[in-house]
Every structure is written in C-alpha cells, then in structure tokens.
Number of protein chains: 2
Amino acid sequence: MTEYNDPAVRYYQEVFDQCIHYLSIDGVIFGFHQNQLKVLLLRWKGTDAWSLPGGFIRKAESVDVAAQRIMQERTGLDALYLQQFHVFGEAVRYDQEATWRKINLPVDGAKWSERTISLGYYALVEHSKVIPTPDFLTEVCAWWSLDDVPALLFDHNHIIAVALLSLRKDFNDQPLNHLLPDTFTIPELQRLHETILGLSLDGRNFYKKVMASGQLERLSERRAGTPHKAPFLYRFKPSEPTNRLPTLEAKTA
Amino acid sequence: MTEYNDPAVRYYQEVFDQCIHYLSIDGVIFGFHQNQLKVLLLRWKGTDAWSLPGGFIRKAESVDVAAQRIMQERTGLDALYLQQFHVFGEAVRYDQEATWRKINLPVDGAKWSERTISLGYYALVEHSKVIPTPDFLTEVCAWWSLDDVPALLFDHNHIIAVALLSLRKDFNDQPLNHLLPDTFTIPELQRLHETILGLSLDGRNFYKKVMASGQLERLSERRAGTPHKAPFLYRFKPSEPTNRLPTLEAKTA
DNA sequence: CCAAAAGTGTTTTCCATACACCCATGA
DNA sequence: TCATGGGTGTATGGAAAACACTTTTGG
C-alpha cells in the first residue's frame, strides 16, 4: 500500500495551489434512459472504486461557474441545467484514511488530508447527448442506474440520496424538459415522472395534467417503430417560460 | 480614511489563522414582534453601516456547528432552529474596496480582501428571548423590521431577500412554532403566516386549518389586557412531532 | 349601545383521484 | 384476432375558498 500514484500527488499539488482549500464541488448528474433514472459515476485508476464527479473551485471563480466547468468536462455538454442542493459540511464526513488507501494515495500526505466541505449540485441532462469522459484520476466514466449504484467512495451514496430527495422536492409537478430529448411521447414523460417520484401514476390523469399545463405541443408525427399503437410525439413549447425555478431576483435597496 | 482600526486588523489576523479561507457564514435571524417580521442587524463600530451577523468556520468545525455558534453569540440562545438556504458564490459579490472604506479597513490589505463564498443560513427565533449582542467589530445589535431594512454592507440586502423567499418556500402550511412564544392566540398565529407569505388570509378558514392539523391545544386562559373580546391562548402540543422538516436520512449502501 | 375583534358555522368550487372504454398496431 | 399499450372520457370525494352571523369587551 505504499506504491504512491505520483501523477495523482502532483495533481493534488496543483489543486492545492490554484484552488480554494477545504472546499469542493460534487455533482450528481441525472440522466433518463430506458425508463430508468441514472447517474454518471467515475471509476478511479487502478481500482474498482467509484465516486461522483467532482472538483475544486479556483480562487477567483464563481461557484456556479466551477460547477458548470466540472460537469461540462465529464459530459461534453454546455450550459447544463444545474441546481445547488445542499452543503455537506460535517467535520468528519467519512473515514479519510480508509478512503485514501482505496484510491492509492499516501495516507499521511497533508495536502489532501484536509477536511473538505462539499457543495452539492445536481444536473439534469439529456442522456443521449452525454459523452462520458473520465478525469485525470479516473479511467472509466459511466452511467449507473440509481437502483444499482454500488458502495461509493467518500460519502457519495449519501449525497446521491440527498440529491434525489431534493430533485423530488423541487420539481413538484413541472415537466422535466432537461432530461428528455426535444421530442418525446406522453407515456415517456409519464415514466420519467414515475421514476423520479418512485410511484406509479394513472395515465389518464397524467395526460390531463400535463395537457392542462399548456407547456406541451403535439407534433403531427408519431413515434415510429414501436409495437402497438404509435404514440404522438410532443415537445415543450419553445416560447413558454422554462420550468427552471423563477430566478431569485432581489437587488440591494 | 487612513485611520485604520487596529484591533479589527488583529481580529482578521486571528480569523485568517484559525478559520477556513474564502468561506464565510451569513445569518438571517428572523423574529416576529408586533405583527412584523424582523431581522437582527449589526452596526459596525464608528460607522452608520449595518450588516447581517456572520462569521467564519474553524478548520475542524462542522459548518452547522459554526452557524450555531455564530448565531448563538448574537442572540444568547441555544439550539437555534437553523436552516441552510443558499450558497452565495459569485466571484464578485459586491464592491470590496468601497465596502472596506465604509468600515474603516485598509483597502489594500491582502488578508480580508480575499473573495468570500458565503453560506446562507436563516434562523427562526422567539423575538422576546433574544438578547441582541454585538460582536467584536460592531457596536449595536438590533432588530429591524423587514420593511425598513436600510442599504446594508456587502450583498446582505440580497441575502435577506433570498432568505425570505426560501422561508416562504419551506414552511408551506406548517405552523412556525420557533417564532412564537410558548403560548399565543390564533389571530397572532394568523398574522405570522400572513406576514411571511405577504398576503392576507381568511380568519375562518385559517382557524379550521390550524385546528385540523391537530398540533395545537387550547389552554383555559385567555389573552388578558386586550381591547375587545379576549382571545384564547393556545400552545403547540408538546408530544407532537416538531414542524422541522423531516431529516434527510440516507446512509451509505 | 356601538365599534372592533374573536369565534364558529355552511355552501360552493375546484382539483385530485378513481374508474371504463375504444383505438391502433404487430405478432 | 388478440394482446398490448395509446388516447380520451366521466364520476366522485375531499380540501380549499367564499361567505355570514353571533359573542365579547372597552369605550
């Protein structure tokens, strides 16, 4: 266990110099595929240990910009829909020594053994557009179905759980356009809602509700290549206000 | 403007040594008095500039514990009801140079000119129990009615606005026991709801709703010394679960 | 006795839920 | 033709909103 990963040590040295100490960002990137809610995870080099994507904030960088940067690098996507959802600030969040061992870092290194406060962000992305890209310390970046997520490094299982609760709390009854492709069918939208809420909905009532919201428009085409009746395609009306929460506007008096 | 406040500089040196850099906590302490929602503000020594209470996180201290500590020092209260509501992480949150000038700090001092990311907490406290206490840098700690809050230092007007929106979003229809004394009348509770929500409610419907919640019990006494009909006193049933939001419980798999 | 606030009812409206049927398609 | 999922209706129940009257007290 004393075979230190030298490039990793150098990487941390760089982070130590350029970024804010004691502070990190962890990202829960949600995608929806095959009727399942998925998250993007990273496998660390030379290990079978997985974690959430994350990173650090540069000294003169906005926190939101840092989050965008970090998530962009893992997904290849611009202008992600990001939501800050919780600060994980306990003095002891996980067993640091055991964790450094799992990812082959020197246990006694002072640099990375600082306690970190993590700012939790979740992203809603269109699954098919993502190009999963590992970072410097990892060798695999892949989607995991929420139900199958293994035991992760750090307190990342906890972070995912909190992210999911926040997502449920936030989205209420608004359609989740960021998780879907431009066009989709009503049953697909219903599966998405069911998956996030963790319950099953009545298709008739669901249809009425989303139609009543006035945010969808039906296209003339139908989904081709499915068995059974071909469902209509819909899309979110472009002119409508997005379902992003209203921006908190309040300026100094 | 070059009369530097030496003790202040020393204070910042201490903070610089013991606390996490680039990170601070700002607290919006809400109280309710005379049918008005109020916040606790501090006036800086030798100035007429006001700000929110705030402070820094020690290197091995939980963020929530730090917030408790900071708020306790300003209120004299233990075990405050605190809610983390937003991270203010823009790279430039306000005009630093102008601000340092207002509070008589050397404009070119490197120590306190670091950009800070602020973790916003709001507290709900019983107005009458608070002993407003200034800190080392301030000479007055006082309640301000939300409607009268002056132009504050930093971006604190903005932080208050966001705190209020978060409070409205969080509390939904739950009674706000932390803001009220042990006993209170239904009309008083109604005023509180109206003040926070910024709208007026129907007394009859309000009465039915809070009674239906089953969380209140009527005492035999009535509020004395009021003009007109004396209203009954109520209190929250002690055995009932508190109206604190359910703790986010989710452990590592 | 009158003004002002407290205390409680009934009616109506609306939204969420429950539920049933026909349609289109591939096998 | 039948199994499967798509698409749309109608009925019902419960909560929220609208609304009116009596009671108590100080002046």
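So that the names make sense, note that chain A is the first sequence line, chain B the second, and so on, each numbered from 1.
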Between A:Tyr81 and A:Phe30, does the ring centre distance come in under 6.0 Å?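 Distance test on ring centres: not under 6.0 Å, no.
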Assess the pair B:Tyr94 and B:His158: is the distance between their ring centroids shorter than 6.0 Å?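 They do not qualify: ring centres at least 6.0 Å apart.
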Without decimals, in angstroms, what is the distance between [X] [atom1] and [N] [atom2]?
X: B:Met211; N: D:dA16; atom1: CE; atom2: C1'; result: 17 Å
X: A:Gln190; N: D:dG7; atom1: CD; atom2: P; result: 11 Å
X: B:Phe232; N: C:dT8; atom1: CZ; atom2: C1'; result: 12 Å
X: A:Leu199; N: C:dA18; atom1: CG; atom2: P; result: 11 Å
X: A:Phe184; N: D:dG6; atom1: CZ; atom2: C1'; result: 16 Å
X: A:Phe206; N: C:dT17; atom1: CZ; atom2: C1'; result: 15 Å
X: A:Leu233; N: D:dG7; atom1: CG; atom2: C1'; result: 15 Å
X: B:Lys209; N: D:dA18; atom1: NZ; atom2: P; result: 12 Å

Distance-minimising heavy-atom pair for [X] and [Y]:
X: B:Pro132; Y: B:Cys141; value: CB-O, 3.2 Å
X: A:Arg93; Y: A:Asp26; value: NH2-OD2, 3.8 Å
X: A:Leu42; Y: A:Pro134; value: CD2-CA, 3.8 Å

It should be established whether B:Arg218 places a side-chain nitrogen or oxygen under 4.0 Å from OP1 or OP2 of nucleotide C:dA6. no
OP1 or OP2 of C:dT8 under 4.0 Å from side-chain N/O of B:Tyr207: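 Yes, B:Tyr207 has a side-chain N/O under 4.0 Å of OP1/OP2 on C:dT8.
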Under the criterion side chain to side chain contact (heavy atoms under 4.5 Å, CB included), which of A:Thr116, A:Ile57, A:Ile70 is the partner of A:Ser24? A:Thr116
Specify whether A:His127 and A:His33 have parallel, tilted or perpendicular ring planes, treating 30° as the upper limit for parallel and 60° as the lower limit for perpendicular.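 Correct class here is parallel.
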Assign the ring pair A:Phe232 / A:Tyr234 to parallel, tilted or perpendicular, where the plane angle (0 to 90°) is split at 30° and 60°. perpendicular
Given axes from five pairs at either end, by how many degrees does the helix from C:dC1-D:dG27 to C:dA27-D:dT1 bend, rounded to 10°? 0°
May I ask you to check whether over 12 heavy atoms, not counting those of B:Asp148, lie within 6.0 Å of atom CG? yes
Would you mind building the protein contact string for nucleotides 19-27 of chain C? One character per nucleotide, 5' to 3', B for base within reach (heavy atoms under 4.0 Å), S for sugar-phosphate only, - for untouched. BB--BBBS-
